[in-house]
Visitor: 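My questions all concern the structure below.
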Amino acid sequence: MKRIAFISLLLICTMMTEAADGLRQNRDGLLELNATASAMGIDGKSKGASLDSLYILGGELSNSAATSIEDIDEVIPRMAALGLNTLLVPAYWEFIEPEEGQFDFTLIDRVLQRARENQLKIVFLWFGAWKNSMSCYAPVWFKRDTKRFPRVETRMGKPLEIASCFSDNVLQADLRAFSKFMQHLADKDKGIGTVVMMQIENEIGMLEDARDYSPLAQKVYEKEQWAKRYGTDVYADEKFMALHYAQYVEHLAKAARSIYPMPLYVNAAMNSRGRKPGEYPSAGPLAHLMEFWHQGAPSIDLLAPDIYDTGYKSWASQYATADNRLFVPESRCCVNSGVRALYTMGEHQALGFSPFAIDQAPETDTWHVTQAYTLLNQLKPYLRSTKPYKTWGLLFDQEDKERVIEDGDRVLTCRHAFTLPWDPRATDGSTWPEVGGVVIKLSADEYLLAGNGIVVEFATKNEQQYQQRKALGEDGFVQAGQSGSQNGDSKEAKSSAQRFSGKRLGIASIDQISIGADGAFHFIRRDNGDQSHQGRHARISVGEYKILHVKLYQY
C-alpha cells in the first residue's frame, strides 16, 4: 500500500513538473500540442468512441447545492425523481484542499454514494482556479497569498479577483489539486463508471478588460509580438487570452487522461447582447474562438455553450460543428426547457442537455423537463441506433412558427400548434409558449413525431408546390367565399396546364405509442377524425407531451 501511494505521489509530482516546464516553454512561442495528443492516443476516433456512449438527460445543481452532506443527501434523490439520468455536480477546490497539501474528499464520496443508490451518472465540474471568470472557489490560503499566486490586472493596473493563467505557481497549485481529485476518482470509480465526464474549470474568461495586463502577461504578450501578428484591438487581445487559457487547461486535461481517462469539456458564457470582449467573459471557449481553443487544448473533447439568452437555435448551431459535438451543460431552467431538450437531441444528435439550478426550480418548470426526458428515454433506441435514422428537431414560438422539411420526395410542413385556428389560446392576445419536438424517419412512408405543441402536414413535392394554403375558419374548413380549388372555377384552372398531376400523400394511421427499451412500440390509442382534422395532419396539442407513430400512403 505504501509503495502504491508513493508511486501515485511520484506520478503527480512528475506531471506538475512537466506542466510547469511546459508552461515556461509555451512562453517561447505558440503552443503546438497536437503531436503530444496523438502520442497519448487522444485522436478523433478514440474521442468519438467515448462520446458516442453518452446520452445525457441531465440537470446541473445550483452552485452551493453540494457543499454539505445534508444537502447532498436531500438533493440527489429529489433529482432522480425528476427523471434525470445524469447530474452535473460542482467539485469545489476550497473543500477538497482546505489547507495547502491536505486533501479531503468527503463531499465527493457522498455524491458518488448517493448517485449510485439512485441510479444516476455524474458529471463533475471542477471549480478550480476559475468559476465564471473569478477565482472565488480557490482555497483561502491561495487567495491570501497574492505574491505566490498573482492576480490579473486591468490596463489601468487594477488587480482583479482572477488568478493569472500566466503564473506557474497558479498552474501547479491548481494542477496538484485536480490531479489528486482525478486519482481519487480513479481509486473509487474505475470499473464502476458513475462519473461519465469532467468539466475543467467553469466559464473561463476575462472581465473588465479583454486581456490580462499584469507584468507576467505583458512579458508574454511582448515576447510573442502579438500586436504585430493580430493587431491591438480588443478582439486581438481576446485571441491572446483564449490561446493562453486553452494552454493552461491543456495541462489539466493531459493529467486527467493519464490518471482516469474520460470525456473532457470546457463551457462558455455567451458573447450576447452586443457586448464587447471584457463586457462578457472574454476569451472563453466561444464559437468564434474555437480555432484558438482547439490549438491550445487538443486534449479537450468538447467546447460547450451555456445558453441563457434568446435565440436558442442559433447558439446551439454554432457549437454543433464537424469537429465539435454539441452538449448543452447549462440552459435556463424554465417552462421552455423540455422542448429545448427535445430540439437539441433531435436536430443535432447532441450528447445531452442540462438545465441549470434545476434543484431550485419550481415544479411548473421541472414538470416540462420530466415530460421531455420521459419521451427522450423512449426515443433513445432511435436517436442512438447503430442504424442511422434521419432526425430533425423542431422549436417554435410566436415569431418563428414554421419549418418545412424536404425529405426526398416527401415534404413535411411543421408548425406551432397555435397556427391552427380553433384553440382560443392562439388568438386571445397572450404570448405563444415555446413548443417543439423531434421527427424521426423510420422508412419512406413512416415517421415518429414526438413533442409538445406541434402540427405536421405531409405532402409529395408536386402536391406541396401545387397546393395553395387557404385561410381556415374556426371549424377548420375554408372560409366562406373562398374556393376549394386552386384558382376558383376559372377556365384556366380547368385547363390541362393547371390540372393536378402525380400522386398525393395520405395519412394511413396516426397512433399514440410508448416505446420500450428494446425499441418496440406499444399501442396506446389511435388519433383520427377530429384529432387528425379528418386525416389532414398529425398534431400534439400545446401542453401535451406525446409520441405519434405516423404511417402514410400515396394515392
Visitor: Is the terminal nitrogen or CZ of R403 (NZ for Lys, CZ for Arg) located under 6.0 angstrom from the six-membered ring centre of F396 and within 45° of that ring's axis?
Guide: no
Visitor: For L394 and V438, what are the C-alpha separation, side-chain angles and deciding distance, and is it a side chain to side chain contact (heavy atoms under 4.5 Å, CB included)?
Guide: CA-CA 6 Å; L394 305 176; V438 179; over 6 Å; no
Visitor: Does a side chain donor of either T194 or R116 reach within less than 3.5 Å of an acceptor in the other side chain?
Guide: yes
Visitor: Return yes when atom NZ of K143 has more than 12 non-hydrogen atoms of other residues, nucleotides or ligands closer than 6.0 Å, and no otherwise.
Guide: yes
Visitor: Would you check if there is a donor-acceptor pair between the side chains of R275 and Y280 at a distance under 3.5 Å?
Guide: no
Visitor: So, taking the atom named CE in M79 and the one named CG in L120, what distance separates them when rounded to the nearest 0.5 Å?
Guide: 9.5 Å
Visitor: Does a side-chain N-to-carboxylate-O contact under 4.0 Å join R114 and E74?
Guide: no
Visitor: Does one side chain, of H368 or E434, offer a donor that lies under 3.5 Å from an acceptor on the other?
Guide: no
Visitor: Would you mind reporting whether V439 and T391 have side-chain heavy atoms less than 4.5 Å apart?
Guide: no
Visitor: Evaluate the ring planes of F149 and F142, with Trp represented by its six-membered ring, and classify them as parallel (under 30°), tilted (30 to 60°) or perpendicular (over 60°).
Guide: parallel
Visitor: Check K313 with D400, please: is the shortest side-chain N to carboxylate O separation under 4.0 Å?
Guide: yes
Visitor: When you look at CZ of R384, are more than 12 heavy atoms from neighbouring residues, nucleotides or ligands closer to it than 6.0 Å?
Guide: yes
Visitor: Do L87 and K121 have side chains that get closer than 4.5 Å, going by heavy atoms?
Guide: no
Visitor: Under 3.5 Å, is there a donor on one side chain and an acceptor on the other for E238 and H288?
Guide: yes
Visitor: Is any NZ, NE, NH1 or NH2 atom of the basic residue among R78 and D359 found under 4.0 Å from an Asp or Glu carboxylate oxygen of the other?
Guide: no
Visitor: Any ring-ring contact (aromatic ring centres under 6.0 Å, His included) pairs touching residues 320-345, not counting sequence neighbours?
Guide: Y265-F327, Y343-H348
Visitor: To the nearest 0.5 Å, tell me how far S282 OG sits from D237 CG.
Guide: 7.5 Å
Visitor: Do we see a donor-acceptor contact under 3.5 Å between the side chains of N132 and Y137?
Guide: no
Visitor: Please list, chain by chain and in numerical order, all residues satisfying salt bridge (Lys or Arg N to Asp or Glu O under 4.0 Å) with K158, sequence neighbours excluded.
Guide: E208
Visitor: Taking ring-ring contact (aromatic ring centres under 6.0 Å, His included) as the criterion, tell me which of F166, F178, W130 meets it with Y248.
Guide: W130
Visitor: Between K276 and D233, is there a side-chain N and carboxylate O pair less than 4.0 Å apart?
Guide: no
Visitor: Compare every heavy atom of A255 with every heavy atom of L175, then report the nearest pair and how far apart it is.
Guide: CD1-CB, 3.7 Å
Visitor: Going by distance alone, is a donor N or O of one side chain under 3.5 Å from an acceptor N or O of the other, for S167 and N169?
Guide: no
Visitor: What is the distance from atom CG of N324 to atom OH of Y319, rounded to the nearest 0.5 Å?
Guide: 8.0 Å
Visitor: Any carboxylate oxygen within less than 4.0 angstrom of a Lys/Arg side-chain nitrogen, looking at E161 and R151?
Guide: yes
Visitor: I want to check something: taking the side chain as every heavy atom from C-beta on, are M206 and Y245 in contact at a cut-off of under 4.5 Å?
Guide: yes
Visitor: Among side-chain atoms of Y55 and N377, is any donor-acceptor pair under 3.5 angstrom?
Guide: no
Visitor: Is W141 close to E97 at the side-chain level, that is, under 4.5 Å between some pair of heavy atoms?
Guide: yes
Visitor: Does any non-hydrogen side-chain atom of L54 lie less than 4.5 Å from one of M197?
Guide: yes
Visitor: Checking side-chain polar atoms at under 3.5 Å, does Q113 have a donor or acceptor matched by the opposite partner on D109?
Guide: no
Visitor: Which atom pair, heavy atoms only, marks the closest approach of V234 to A210?
Guide: O-CB, 3.6 Å
Visitor: Do S272 and Y308 get their side chains close enough for a donor-acceptor pair, meaning under 3.5 Å?
Guide: no
Visitor: Side chains of V170 and P150, heavy atoms from C-beta outward: is any pair under 4.5 Å?
Guide: yes
Visitor: Where is the tightest heavy-atom contact between G58 and P355, given as atom of each residue plus distance?
Guide: O-CD, 3.1 Å
Visitor: For the ring pair W226 and F240, is the centre-to-centre distance below 6.0 Å?
Guide: yes
Visitor: Which pair of non-hydrogen atoms, one from E203 and one from N267, has the smallest distance, and what is that distance?
Guide: N-OD1, 2.9 Å
Visitor: Rounded to the nearest 0.5 Å, how far apart are CG of D397 and OG1 of T310?
Guide: 9.5 Å
Visitor: Carefully, step by step, assess F103 and R176 under the rule side chain to side chain contact (heavy atoms under 4.5 Å, CB included).
Guide: CA-CA 11 Å; F103 298 91; R176 176 183 62 191; 4.2 Å; yes
Visitor: Run the numbers on Y92 and N63 for side chain to side chain donor-acceptor pair (under 3.5 Å), then give the verdict.
Guide: CA-CA 10 Å; Y92 314 100; N63 292 160; over 6 Å; no
Visitor: Do L88 and E330 make a side-chain contact, defined as non-hydrogen atoms from C-beta onward lying under 4.5 Å apart?
Guide: no
Visitor: How long is the straight-line distance from CG of L383 back to CG of L376, given to the nearest 0.5 Å?
Guide: 6.5 Å
Visitor: Roughly how far, to the nearest 0.5 Å, is OG of S64 from CD of Q360?
Guide: 8.5 Å
Visitor: Can you give me the closest heavy-atom contact between D174 and G128, atom names plus distance?
Guide: OD1-CA, 4.0 Å
Visitor: Under a 4.0 Å threshold between the charged nitrogen and the carboxylate oxygen, would E250 count as salt-bridged to K254?
Guide: no
Visitor: Is the shortest heavy-atom distance from the side chain of L302 to the side chain of V266 under 4.5 Å?
Guide: no
Visitor: I'd like to know whether D168 forms a side chain to side chain donor-acceptor pair (under 3.5 Å) with Q172, so could you lay out the CA-CA distance, the side-chain angles of the two residues, the decisive distance to 0.1 Å, and finally the verdict.
Guide: CA-CA 6 Å; D168 290 347; Q172 290 181 47; 5.3 Å; no
Visitor: Can you see which heavy atom on E153 is nearest to which on D212, and at what distance?
Guide: N-OD1, 3.1 Å
Visitor: Any salt bridge between R148 and E100, counting N to O under 4.0 Å?
Guide: yes
Visitor: Between E291 and K239, does any NZ, NE, NH1 or NH2 come within less than 4.0 Å of an OD or OE carboxylate oxygen?
Guide: no
Visitor: Please check if atom CZ in R332 has more than 12 non-hydrogen atoms from other residues, nucleotides or ligands closer than 6.0 Å.
Guide: no
Visitor: Tell me, with the steps shown, if K188 and H184 meet side chain to side chain contact (heavy atoms under 4.5 Å, CB included).
Guide: CA-CA 6 Å; K188 296 290 185 177; H184 185 79; 3.6 Å; yes
Visitor: When P263 is tested against each of I300, D301, V123 for side chain to side chain contact (heavy atoms under 4.5 Å, CB included), which residue passes?
Guide: D301
Visitor: Please confirm whether the ring centroid of F124 lies under 6.0 Å from the ring centroid of F181.
Guide: yes
